[in-house]
Amino acid sequence: MAHCMTLTTHAVVGAAVASFFPEQPYLAFAAGFMSHLAIDALPHYDYGEFLHSFEKDPHHRLQTDMRFGKHFLHDLRLIGADALLGFLLAFVVARILGISYEYALIGAGAGVYPDLIQFVYYKLRKTWLEVGLAPLQRFHVWIQDGVERPEWGWRKGFGLQALLAVGILIAVLLVR
Ligand SMILES: [Zn+2]
């Protein structure tokens with residue numbers, strides 16, 4: 001979300017890696033979830049310039065927040081459209097890899113899940129739930145340290161993400 005790759009990339013990659021566990025929904029979910037953190041660790045452009053409700057503090061990255069207000073709906077629509085595209089492409093991934101739609105959706109859901117947890121963290125960190133959510137959020141933020149490339153701009157940024165998603169899809173197709 002704030003510093004991550006697009007949800008489309010995460011959903012496609014999540015669906016692709018879930019295909020390794022066609023009969024094991026929990027492992028399929030775990031594979032999708034871990035794929036999120038793994039590709040976040042690659043240099044990437046985050047779509048920050050398109051989002052306006054984020055408040056980032058470069059020195060206190062656990063303090064990043066997504067403010068409710070006039071920009072929030074705009075951002076929610078964009079992120080929602082991004083997720084929707086990802087889930088639609090999960091059906092295409094299912095066809096290419098010959099897995100059920102169900103498993104592709106489990107993988108795609110797991111692939112975007114860390115960002116959902118991140119949002120929950122933003123909103124609930126001031127409650128007792130922080131104790132449970134903080135370790136994952138800390139890890140999620142840490143894994144992206146130094147790999148953000150805002151200077152790439154969206155053309156190169158999204159182009160490379162599309163290449164990554166297609167590359168992983170092809171790799172999964174070849175090794176399975
Ligand atoms: Zn992420």
Side-chain angles (χ1 to χ4, degrees), residues 1-18 27-67 72 75-90 93 104-125 129-130 132-154 156-169 171-172:
M1 206 183 292
H3 304 280
C4 296
M5 295 198 185
T6 64
L7 296 181
T8 300
T9 305
H10 282 306
V12 168
V13 173
V17 299
L27 285 179
F29 187 90
F33 192 92
M34 284 188 285
S35 78
H36 181 114
L37 299 169
I39 62 174
D40 268 356
L42 299 172
H44 64 273
Y45 165 85
D46 75 68
Y47 61 168
E49 70 187 82
F50 294 99
L51 300 174
H52 308 301
S53 68
F54 279 89
E55 282 188 354
K56 297 182 189 178
D57 179 343
H59 303 295
H60 300 95
R61 297 188 51 198
L62 280 175
Q63 295 302 317
T64 298
D65 195 8
M66 194 179 175
R67 291 256 175 249
F72 182 76
D75 289 3
L76 200 64
R77 249 180 249 131
L78 194 66
I79 292 168
D82 183 17
L84 188 66
L85 177 62
F87 282 108
L88 289 175
L89 288 174
V93 172
L105 288 178
I106 288 174
V112 305
Y113 197 60
D115 281 347
L116 191 66
I117 297 178
Q118 176 162 266
F119 179 73
V120 171
Y121 176 81
Y122 292 159
K123 294 305 162 197
L124 296 181
R125 75 173 128 221
L129 273 170
E130 163 154 29
L133 294 171
L136 177 64
Q137 180 63 9
R138 211 172 289 128
F139 184 71
H140 197 168
V141 165
W142 171 78
I143 210 160
Q144 298 183 59
D145 265 349
V147 297
E148 286 143 42
R149 299 285 187 273
E151 68 278 11
W152 280 358
W154 65 270
K156 180 175 173 183
F158 293 156
L160 283 176
Q161 287 193 36
L163 272 180
L164 174 74
V166 170
I168 288 177
L169 197 56
V172 169

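Counting starts at 1 for both ligands and their atoms, in listed order. Side chains are part of it too, since the values below use all heavy atoms of this structure and drop only hydrogens, waters and symmetry mates. Each residue takes its place number in the sequence, starting with 1.
- Summarising the local packing, OH of Tyr113 is surrounded by 12 or fewer heavy atoms from other residues, nucleotides or ligands at distances under 6.0 Å.
- Centred on the Zn ion (ligand 1), the angle running from Cys4 (SG) to His36 (NE2) is recorded as 130°, rounding to 10°.
- Among the backbone and side-chain atoms of His10, no N/O/S atom is found under 2.8 Å from the Zn ion (ligand 1).
- Counting only heavy atoms from C-beta outward, the side chains of Leu164 and His44 never approach each other to under 4.5 Å.
- Taking the side chain as every heavy atom from C-beta outward, Leu133 and Arg125 never approach each other to under 4.5 Å.
- By the 4.5 Å heavy-atom criterion applied to side chains, Leu51 and Met66 are not counted as neighbours.
- Within Asp40, the N, O or S atom at minimum distance from the Zn ion (ligand 1) carries the name OD2.
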